[in-house]
Enquirer: 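Structure in structure tokens, see below.
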Amino acid sequence: MRLEPSEEMMYRRMDWKERLLLLFPLLGILASVGLLMIGDGCWRICGMVIVGMAAGAFVVVWVVYQGIQRQIMPIANCFLEVQRDCFVAVQPFRDGEYESCRIYFEEIEGLIEGKKGFYVRISGEGRSVVQRKERGRVMFVSSEGYDGKKFGVMCEKIKRRIQMEEKMYVIEKTD
């Protein structure tokens, strides 16, 4: 079974980025009004408050804008696929980099579902491969871009395969 994300998620991020760009000139106008009030003399304190608020809002909008811009990237080659003995995922990470994994079911120590995907804990050194900047034994598989029901079915399928591997391992060990 293979899932491919829709590009709607990236289009929503691009829309947010454009909306944030509209705030920069508005904050500049607000700061200009505050400076005019400071120059008037009798509205000096009110003008300083307005300029301070505009500057603070500008910093917040800039940080959010940079965060969204880092996450906008093509998702043409991204997918989540369950194979016979493993699952494979390729997903956007940030700054134009992708993370991918091939995780074998017998090497999975645990799977925890969250609102925006699931976490997989991988046992020590084995055949499983995780390619990303931050190395670790935990991989987050994001549900962003996928149909919610299909992603849930995929997650259940992975859970069943993990349980099957655990039963097979117990049977092999007892013999």
Enquirer: Taking atom CG of Leu26 as the centre, report whether more than 12 heavy atoms of other residues, nucleotides or ligands fall under 6.0 Å from it.
Expert: yes
Enquirer: Show me the donor-acceptor pairs, under 3.5 Å and distance only, between side chains in residues 35-63 and residues at least two apart or in other chains.
Expert:
none

Enquirer: Would you say Met139 and Glu99 make side-chain contact, with heavy atoms under 4.5 Å?
Expert: yes
Enquirer: Enter the distance from Gln69:CD to Leu20:CG here, rounded to the nearest 0.5 Å.
Expert: 11.0 Å
Enquirer: Measure the shortest side-chain to side-chain distance between Lys17 and Tyr65 over non-hydrogen atoms and say whether it is less than 4.5 angstrom.
Expert: yes
Enquirer: Under the ring-ring contact (aromatic ring centres under 6.0 Å, His included) test, which residues partner Phe151, sequence neighbours left out?
Expert: Phe118, Tyr146
Enquirer: Any idea which heavy atoms bring Arg102 and Gln83 closest together, and the distance?
Expert: NH1-OE1, 2.9 Å
Enquirer: State the OG-CZ distance between Ser142 and Phe93, to the nearest 0.5 angstrom.
Expert: 11.5 Å
Enquirer: Among Ile108, Ile103, Val138, whose side chain to side chain contact (heavy atoms under 4.5 Å, CB included) with Ile122 holds?
Expert: Ile103
Enquirer: May I ask you to check if Arg13 and Trp16 form a cation-pi contact, with NZ or CZ under 6.0 angstrom from the six-membered ring centre and within 45° of the axis?
Expert: no
Enquirer: Output yes when a side-chain donor or acceptor of Ser143 lies under 3.5 Å from a complementary backbone atom of Lys116, and no otherwise.
Expert: yes
Enquirer: For the residue pair Tyr119 and Phe140, is the inter-centroid distance of their aromatic rings smaller than 6.0 Å?
Expert: yes
Enquirer: Under a 4.0 Å threshold between the charged nitrogen and the carboxylate oxygen, would Glu156 count as salt-bridged to Arg160?
Expert: no
Enquirer: Quick one: does Cys101's side chain get under 4.5 Å of Val90's, heavy atoms only?
Expert: no
Enquirer: Nearest 0.5 Å, what's the CD1-CD distance between Ile158 and Glu113?
Expert: 9.5 Å
Enquirer: State, with a plain yes or no, whether a side-chain heavy atom of Phe105 is found less than 4.5 Å away from one of Phe87.
Expert: yes
Enquirer: What residues join Leu22 in its hydrophobic cluster, counting side-chain heavy atom gaps under 4.5 Å, either direct or through other members?
Expert: none
Enquirer: Looking only at non-hydrogen atoms, find the nearest pair between Tyr98 and Pro92 and report the distance.
Expert: CD2-CA, 3.7 Å
